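Computed from a predicted structure; not experimentally measured.
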Amino acid sequence: MVAGLAVLLALTSYALLTYALSRDVGSDVSAYWEAAERLRTGETLYAAGAANAPDLYRYAPWFAAAWIPLTFLPREAVTAGWVGLMFAAAVISLLPLLRRGPSGWAALTIFAPTQIEGAIYGNVQPLLVLMLLWGVERRSGPLWIALSASLKAVPIVLAIVYAGRGEWGRAALALGLTVLVVAPALLFDLSGYSVISGPRQESLAGISFLLFVPVASASLVATWLLARTRFAWLAGGLAMILTLPRYLDYQIGFLLVGLGRRPGSSRRLP
């Protein structure tokens, strides 16, 4: 039975990795690059477009502003460098699984291809996962949650872990910082902002709102109830996935925020 499971995991990993490697390298970089150029030239930051258009920007303005200096460099070089950085972030975020024994190695066969897929696209997801994995238990945790939430929204649910532990100040700080970094978006024309799912982006919210609400709510309650246990961040990672308005394969990487932590460790780091 163990041998059969190993073969099944290997085949699944091979299929996922083959799919990941067939993706267009750096395709998501267009969204960041084009947004930075529009911001630089005074055009509309949140330009309307198809739900899956490569230049459709959905993030907070600060991220586009951070890309402005890069638009003065050769685009091909920036794309290659960014994809390389995302690949490095993907690999580093996976390393903690190696110390979890056979269960971690089994998880690696699933998470490695999906993290690599996000990196190949040049999507910020691998870096975001690494920031959360590294930062949530640190004193600076609210800042990392806020920055992540300004890019993908759902990381704000991790503040529930702080609240569930009675760390109300940290929970409030995470929420306040998120509002602070997202609020500048209100200074821009948001009529072109889209949360509509495109192909391969369907989530429970798009399939059935009546199903999405109880499932998402249950995941948030579970995060609260498990906040003082070693499953706190794993529950938070699952809650992020279940509250997503749009879903892509590599977003399963949110689970690494919990799976990548030291077994039994729930203490805040320096």
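Summarising the geometry, atom CG belonging to Leu108 is positioned 9.0 Å from atom CG belonging to Leu95; distances are rounded to the nearest 0.5 Å. With rounding to the nearest 0.5 Å, the separation of OG1 in Thr79 from CG in Asp28 is 11.0 Å. We find the CD1-CD1 distance between Ile252 and Ile110 to be 7.5 Å, quoted to the nearest 0.5 Å. The distance from atom CZ of Phe231 to atom CG of Leu226, rounded to the nearest 0.5 Å, is 8.0 Å. Note: Leu56 CG to Ser30 OG = 11.5 Å, rounded to the nearest 0.5 Å.
Annotation: side chain of Arg40 is in contact with side chain of Phe72 (closest heavy-atom distance under 4.5 Å). Between Gln115 and Phe87 there is no side-chain heavy-atom pair separated by less than 4.5 Å. A heavy-atom distance below 4.5 Å is found between the side chains of Leu132 and Leu128. Proximity of Tyr162 to Trp168: side-chain heavy atoms (C-beta onward) are nowhere separated by under 4.5 Å. Contact check for Pro126 versus Tyr121: no side-chain heavy atoms found under the 4.5 Å cut-off. Side-chain contact between Ile241 and Gln251 is absent, with no heavy-atom pair separated by less than 4.5 Å. Lys152 is listed as a side-chain neighbour of Asn123, based on a closest heavy-atom distance under 4.5 Å. Annotation: side chain of Trp233 is in contact with side chain of Leu158 (closest heavy-atom distance under 4.5 Å).
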Practice task
Please test Trp33 against Val78 for side chain to side chain contact (heavy atoms under 4.5 Å, CB included), starting from the C-alpha separation and ending with a verdict.
Solution key: CA-CA 9 Å; Trp33 183 281; Val78 171; 3.8 Å; yes
Practice task
Before giving the answer on salt bridge (Lys or Arg N to Asp or Glu O under 4.0 Å), spell out for Arg139 and Glu167 the whole-Å C-alpha distance, their side-chain angles and the decisive distance to 0.1 Å.
Solution key: CA-CA 12 Å; Arg139 291 189 180 91; Glu167 298 175 348; over 6 Å; no
Handout entry: Working for side chain to side chain contact (heavy atoms under 4.5 Å, CB included), residues Leu255 and Leu234
Key = CA-CA 6 Å; Leu255 292 175; Leu234 182 58; 4.1 Å; yes
Practice task
Would you please test Trp67 and Val29 for side chain to side chain contact (heavy atoms under 4.5 Å, CB included) and show each step?
Solution key: CA-CA 10 Å; Trp67 269 76; Val29 174; 3.8 Å; yes
Practice task
Applying side chain to side chain contact (heavy atoms under 4.5 Å, CB included), run through Leu242 and Phe212 and close with a yes or a no.
Solution key: CA-CA 8 Å; Leu242 294 177; Phe212 171 74; over 6 Å; no
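A cation-pi arrangement, defined by a distance under 6.0 Å to the six-membered ring centre and an angle within 45 degrees of its axis, is absent between Arg38 and Tyr46.
Side-chain atoms of Arg100 come within 3.5 Å of backbone N or O of Leu259 as a donor-acceptor pair. Using modelled atom types, one side-chain atom of Arg138 and one backbone atom of Trp134 make a donor-acceptor pair closer than 3.5 Å. A donor-acceptor contact shorter than 3.5 Å is absent between the side chain of Arg170 and the backbone of Gly141.
The two residues Leu177 and Ala146 come nearest to each other via the heavy atoms CB-CB, 3.5 Å. The two residues Thr109 and Ala106 come nearest to each other via the heavy atoms OG1-O, 2.5 Å. Looking at every heavy atom in both residues, Ala35 comes nearest to Leu45 through O-CD1, 3.7 Å. What you find for Leu39 and Pro61 is that their closest heavy atoms are CD2-O, 4.2 Å. Smallest separation of non-hydrogen atoms from Val157 and Thr223: O-CG2, 4.5 Å. What you find for Ser93 and Leu133 is that their closest heavy atoms are O-CD2, 3.7 Å.
Placement of Trp105 and Leu97 within a single hydrophobic cluster is found when ILVMFWY residues are connected by side-chain heavy-atom separations under 4.5 Å, directly or transitively. Follow the hydrophobic side-chain contacts under 4.5 Å out from Tyr59 and you reach Leu186 in the same cluster. Taking hydrophobic clusters as Ile, Leu, Val, Met, Phe, Trp and Tyr residues chained together by side-chain heavy-atom distances below 4.5 Å, Leu151 does not share a cluster with Leu130. Transitive grouping of hydrophobic side chains (ILVMFWY, heavy atoms separated by less than 4.5 Å) brings Ile145 and Leu238 into a common cluster. No continuous path of hydrophobic side-chain contacts links Ile92 to Leu256 [ILVMFWY only; heavy atoms under 4.5 Å].
The aromatic rings of Trp82 and Tyr32 lie perpendicular to each other, with more than 60° between the two planes, well past the 30° mark.
In this structure, Arg75 pairs ionically with Glu34, as a charged nitrogen and a carboxylate oxygen lie closer than 4.0 Å.
Side chain to side chain, Ser150 and Trp62 meet the donor-acceptor criterion of an N or O pair below 3.5 Å.
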